[in-house]
Student: 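Dumping the structure here so I can ask a few things about it.
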Number of protein chains: 2
Amino acid sequence: MTPASLPQRGPVMSDVAARAGVSHQTVSRVLNGHPHVSATTRTRVLAAIAELGYRRNLSARVLATGRSNVIGVVAQNTTLYGPSSMVQAIGEAALGADLSLTVGHVAGYDATAASRRIVERLVQQGAAGLVFIAPVDAAAEAMRLVPDGVPIVTVDGVPEWECANVAVDQYVGGMLATRHLLEAGHRTVWHVAGPEPWHGSRAREEGWRAALAEVGAVAPPMTRAGWSAASGYQCGRMLARIPDCTAIFAANDHVALGIMRAMAEQGRRIPEDVSLVGFDDVPEAGYFHPGLTTVRQEFAEVGREAVRLLLDQLATGQSSTENALVEPVLIPRATVGPVVATGPAVALKENAS
Amino acid sequence: MTPASLPQRGPVMSDVAARAGVSHQTVSRVLNGHPHVSATTRTRVLAAIAELGYRRNLSARVLATGRSNVIGVVAQNTTLYGPSSMVQAIGEAALGADLSLTVGHVAGYDATAASRRIVERLVQQGAAGLVFIAPVDAAAEAMRLVPDGVPIVTVDGVPEWECANVAVDQYVGGMLATRHLLEAGHRTVWHVAGPEPWHGSRAREEGWRAALAEVGAVAPPMTRAGWSAASGYQCGRMLARIPDCTAIFAANDHVALGIMRAMAEQGRRIPEDVSLVGFDDVPEAGYFHPGLTTVRQEFAEVGREAVRLLLDQLATGQSSTENALVEPVLIPRATVGPVVATGPAVALKENAS
DNA sequence: GGCGAAATTGTGAACGCAAACATCCACGGG
DNA sequence: CCCGTGGATGTTTGCGTTCACAATTTCGCC
C-alpha cells in the first residue's frame, strides 16, 4: 500500500477556525445553526469555509453525536418495477426533507443473510431511521436487529408487525379490478395471483374474492404466477383453453402481458373473447397490444408518506404504528370489453401456430 | 428530544477486552486478522465478542483509518431497466468480493446538484472506491469532487474520461441489429435512436451507420425517441406512413414496443410488412406481440467487471484506465422476417381505428 | 546459559467533531 | 456604582477505533 494511495485529507474544522480567527467550536456552532453567534462572526466563518472548500467529516460527526440525518432503505428485488419505483420515490421525498439516503440493496438469492448485513451496516453508520421495503415476510426478519430508538417504517408490510407502515391498498385494488370486469358484464372473474409470500398477492386475492362475493359470483379456481411475463404465459396457456374464462384479473402488468400472448396464440381475442385487467400500470402498459386496462399504484405518494412517517417519529421520539394506505386507481384502456359470446366455446386455433 | 429516543449504545471494544482479559488493542488485532495473536487469546476474544454481541462501530473505524470496505455507487434513472439492472449486478458482484455497497440514487430532476451531494456524502463516509453509472456526460461532472486516491470506475462512460470504464459494446450491438435486418433481405434499415446525451445512443447509432456502410446501403433519416414506449409510439406513427420503411432498429425494447403499437394501428404487420429489432432484452420482450427480436446486454457481466476493475485499483493503489467491453448478443425472435413486398406501398388502415 | 530475534501484548495518541462546561464581556436596574 | 443576567466565545472532554511505538515474553541456538 503506497502512501500515494491514501486520499489526502481535506481541511478540518480547526483549519477553518484558524483562518476565521475563532475557535473550532464556533465553527461548529455556525455549521449547526446554533444561536448565540454574532452575525459578523458567522459571515467570517462562512467565508473561511468557502475559501478552504471545507466539508464536514460525516464519520466524526456520527461518532460524536451517535446520530445522523441519513436514513437507510433496505430493498430487495430492485429490478422489479414496483420496488425500484419505491426506492426512487423515497429518494425524492427524502431529498425534499433534507435527509440523505443510503440504500442497501439485498441481492435476491440469500435474502435473510444479506438483509442482516445491510441492516447492521446501516445501523453502524448511524442511520437516523430505516425504511424497510418489505413486501414479503422474510424482509422483516432483519428488523429485529435494529436497536430501540431507531425508528422504522415499513413499506408494503403488514399491520401485525405493529410498526409504522405505508402501502398501496392492494385489497381495494383487487376489488377495483374485479368490479370493473363484473360491471362489463362478465359472470365471474378469474384471477392469476402473484407469489404467495407477497403480502400484496394475498391482499389482491382477498379483494378479488370480496368483489365476487358482493355480487354473489362464484370464485373460479385460482392459479398462481410469479411476477414475470413468462409465468403469466404459462398460466395463460391453461386459461386460454377454458371457454368459460372470459375475464381475468392478473397479478401485475407483466403477468397480464404473458396472458395476452397466450390468448393470442390460442386465437382468443382481447377484449372480444377475453377481458383482462393488470396491476401496477408500468409505463409501457398502454402500449401493449391492445393497451392494458390496469390498476395504478401511486408509488410517489407511498414514498412521500413513508418519509413523513419517519420524520414524525424522528420529531416526537415516539415510535408509531400508523398504517397509511394509498388508494390505487383504475386506469381503463382497451383490454376490457362486454361479453360477446357468453358460454359457448370460442374458436380455438384461429391464427395460432 | 427525550433520552429514550437515543439508541442505547452497545458494547464497545474495551468491554470485550475487559471480558476477555486483554487490552482493547488485542481485540482490534483479532478483528482485523493481524498476525501475532496467539490462538488461545484469539478464541477467548472471539468468545467474548459472541457473548456480548459486540459489533464494531463503522464510523469510528472510518474516522481512525480514513478508509473502509464500502464502495459507493452513484446511479440515476434507476427506474429504467438498464440502470436498475446495473445496480443489482454490481451489488451481487460486490457481495461476492466481501465489499459493502452504498448506493446513492440521483433523483431525476436536478442531476448535477444531487450528484454532488451524493458524491460528497459517499466520500465523507469514507468510501473506498466509487462506481459511477454514467450513461450521460452530466453524470461525470461530479467525478471531479472525488479526491485523488479514491479509485473510480465508470459504467457506460466514455474513454475520453481516462478512467477505468466498463460498458456493453453498444457499437457492436448496433451493428448486430442492423446486420441482422440486412441479412433478412432489407435494402436498408431505419433507426429510432435514443436521447442524444446518452453515450449508448451515439454508439448504437454509429454501429448502425457502420453496418449500413459495410453493404453500401444508404442511411435513411434518423429519428430520436426517449427511452419510453410513449416516445417510440410517436416515432412509430411517422415511420408507419413511410412505405419504404420495412426494417427498423429501435433504441431499446420499450421504444420498440411503442413502434409495434403504432404499426399495428396503421395496419402494418410485423414481421410481414415491417421488421423490428430492439435493444436490452427486457424480461418481457419475448412476450410482446409478436416476440421481439432484440440485442441482449449482459448486465451481470458488466457488474462483475466493474467490481473487478475497482478491486484491481484498490489492490495496486494505481488508478487504471482500462476500458472493458462486454459483448452484446443478438436474440432472434419473431419480429424480423424477409422482405415480402419490396417497394410498393402497403395496405394502410387495414384494421386500425 | 545467555543473547538476539521474533512473537505477543500493552500504552498512548490521534482521527474530526459536538456537547458540557467555563469564561469573558456588555448592559441595565436597584 | 455594583451585581446580576444573558449573549458571545473559548476550553476540555469523550465518541470508538486504529496506528505507532514500547514493553514483555518466548524461543532458538551457539
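By convention in this document, chain letters (A, B, ...) are assigned in the order of the sequence lines, proteins followed by strands, and residues within each chain are numbered from 1. Just so you know, these numbers come straight off a predicted model, no measurement behind them.
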Student: Are any of the side-chain nitrogens in B:Arg308 or B:Asp312 under 4.0 Å away from the carboxylate oxygens of its partner?
Tutor: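 Salt bridge: yes.
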Student: Might you point out which heavy atoms bring A:Gln313 and A:Val153 nearest each other, and give the distance in Å?
Tutor: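 Scanning both residues, the minimum pair turns out to be NE2-CG2, 3.7 Å.
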Student: Are more than 12 heavy atoms from other residues, nucleotides or ligands located less than 6.0 Å from atom CZ of B:Arg116?
Tutor: no
Student: I need the minimum non-hydrogen distance between B:Val119 and B:Ala142, along with the two atoms involved.
Tutor: CG2-CB, 3.7 Å
Student: Looking at every heavy atom in both B:Arg55 and A:Leu145, which two are closest together, and how far apart are they?
Tutor: NH2-O, 4.2 Å
Student: Using a 4.0 Å heavy-atom cut-off, does B:Ser23 contact any base of the nucleic acid, only the sugar-phosphate backbone, or nothing at all?
Tutor: base
Student: Distance check: side-chain N/O of B:Thr26 vs OP1/OP2 of C:dT8, anything under 4.0 Å?
Tutor: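 No, B:Thr26 has no side-chain N/O under 4.0 Å of OP1/OP2 on C:dT8.
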Student: What is the minimum heavy-atom distance between A:His199 and A:Asp156, and which atoms define it?
Tutor: ND1-O, 3.0 Å
Student: Does the protein touch nucleotides 17-24 of chain C at the base, only the backbone, or not at all? Give it as B, S and - per nucleotide, heavy atoms under 4.0 Å.
Tutor: BBBB----
Student: Would you mind reading off the distance between B:Arg44 atom CZ and C:dT8 atom P, rounded to a whole angstrom?
Tutor: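 Going from B:Arg44 (CZ) to C:dT8 (P), I get 14 Å.
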Student: Taking CG from A:Leu63 and C1' from C:dG16, how many angstroms apart are they, rounded to a whole number?
Tutor: 9 Å
Student: Under 4.0 Å between any heavy atoms, over every strand shown, what does A:Ser59 touch: base, sugar-phosphate, or nothing? Just pick one.
Tutor: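 The answer is nothing, as A:Ser59 stays clear of every strand by at least 4.0 Å.
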Student: Please report how far the helix from C:dG1-D:dC30 to C:dG30-D:dC1 bends, comparing the axis fitted to its first five pairs with the axis fitted to its last five, to the nearest 10 degrees.
Tutor: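 That helix gives 50° between its end axes.
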Student: Provide, to the nearest angstrom, the distance between the NE2 atom belonging to B:His36 and the C1' atom belonging to D:dT26.
Tutor: 13 Å
Student: State, without any angle test, whether B:Thr321 and B:Glu162 hold a side-chain donor-acceptor pair at a distance under 3.5 Å.
Tutor: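 The answer is no; no qualifying pair exists.
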Student: Is there a donor-acceptor contact under 3.5 Å from the side chain of A:Arg44 to the main chain of A:Ala20?
Tutor: yes
